[in-house]
Amino acid sequence: MTLSAKGLSWSAGGTTILSDVSLDVRPGEFLGIIGPNGSGKTSLMALMAGIRRPQAGVVTLDGRPLSAHGRQAIARRIAFVEQQAETTERITARQAVELGRTPHLGALTPWSRTDDAIVDRALEEVDMARFSGRLWHTLSGGERQRLHIARALAQQAPILLLDEPTNHLDIGHQISLLQLVREQDLTVVAALHDLNHAAMFCDRIAVMQGGRIVALGTPAKVLEPQRLADVFGVTVDVERDSTGGCFIRYRRPEPRPAKLKLVAEA
Ligand SMILES: Nc1ncnc2c1ncn2[C@@H]1O[C@H](COP(=O)(O)OP(=O)(O)OP(=O)(O)O)[C@@H](O)[C@H]1O
């Protein structure tokens, strides 16, 4: 199952947000998308999930434009966890995860015990089984985020698109969630803010800046001090280990000159 973007451009509110973005996602890989706030990560994921349509370019799934696949067919192949997906419905944690089964249900395929088992397993995988009966609005941000991931796992789509999946999670759950996703036999595209998590879990990383992909490759190749200075405006040391892994150590910025400080604080 391959997902590709070719020459995507997208504008909104009179502004160009994505310009000529091309990206081939390799089957089975964990591809991270990093970039500063507003660089276009969410917009790109929404186009790749078929939620928005590009003004130019095309997203293809198995060689056919997304627009040629029906909504249900896309949902069976691509699960998308959005950044601020919320619901005002009075539903339980379990019902939220059950929604992941919707693309598989139909007149000839009603809800079955298999669906129950898939939902049970998804709840267990994100460590939320004990919250099954809790109402959505009583759950914390991190608990809701874990349910969003469980819903996507229950969808059993071979491609998982995750927009900042570790949002709201404590460090233990951030790492266990990325490991859980990594262990699945899935193709994963995830927008991530933590560069060390990207280095730890991704096979490849795409770097976005100003609505374009400015670098694409293995973490060791992409996470270069000069590039991180250019893209994020941070000074870092990158430590590399013998296995090809890398770790980013951030340097504290120099203090502002005293005169500038006074002006700024006046
Ligand atoms: N519907 C819209 N109308 C106008 N501008 C939009 C719209 N959607 C996104 N934008 C703008 O497009 C730019 C890219 O937004 P996007 O959410 O894709 O960035 P991002 O890289 O995911 O950012 P973040 O890291 O803050 O989540 C931002 O400047 C945003 O304000």
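It should be emphasised that the depicted structure is a prediction, and the values quoted were computed from it without experimental measurement. All ligand and atom numbering here is 1-based and tracks the order in the structure.
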For this session: Check whether any side-chain heavy atom of Leu192 lies under 4.5 Å from a side-chain heavy atom of Cys202, and answer yes or no.
Result: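 SC-SC contact between Leu192 and Cys202 confirmed.
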Report, one line per pair, each donor and acceptor closer than 3.5 Å where one atom sits in a side chain of residues 205-222; sequence neighbours left out.
{"from": "Gln209", "atom 1": "NE2", "to": "Asp230", "atom 2": "O", "distance (Å)": "3.3"}
{"from": "Thr218", "atom 1": "OG1", "to": "Lys221", "atom 2": "N", "distance (Å)": "3.3"}

Exercise. Just one of Val119, Val97, Leu147, Leu123 clears the side chain to side chain contact (heavy atoms under 4.5 Å, CB included) bar with Ser132, so which one?
Worked result: Leu123
Using a 3.5 Å cut-off and no angle test, enumerate the donor-acceptor pairs between side-chain atoms of residues 31-45 and protein atoms at least two apart in sequence or in another chain.
{"from": "Ser39", "atom 1": "OG", "to": "Pro36", "atom 2": "O", "distance (Å)": "2.6"}
{"from": "Lys41", "atom 1": "NZ", "to": "Gly35", "atom 2": "O", "distance (Å)": "2.9"}
{"from": "Lys41", "atom 1": "NZ", "to": "Pro36", "atom 2": "O", "distance (Å)": "3.1"}
{"from": "Thr42", "atom 1": "OG1", "to": "Gln83", "atom 2": "NE2", "distance (Å)": "3.2"}
{"from": "Thr42", "atom 1": "OG1", "to": "Asp163", "atom 2": "OD2", "distance (Å)": "2.6"}

Exercise. How would you list all residue pairs meeting side-chain hydrogen bond (donor to acceptor under 3.5 Å, both in side chains) that involve residues 116-125, not counting sequence neighbours?
Worked result: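 Pairs touching residues 116-125 that pass the test: Arg94-Asp116, Arg94-Asp120, Trp111-Asp116.
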For this session: Could you pull out every protein residue that has a heavy atom closer than 4.0 Å to ligand 1, ordered by chain and then number?
Result: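 Within 4.0 Å of ligand 1, the protein residues are Trp10, Ala12, Ile17, Pro36, Asn37, Gly38, Ser39, Gly40, Lys41, Thr42, Ser43, Gln83, Glu164, His193.
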Problem set entry | Atom pair CH2/CZ of Trp136 and Arg144 - distance to nearest 0.5 Å |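 Going from the CH2 atom of Trp136 to the CZ atom of Arg144 covers 6.5 Å.
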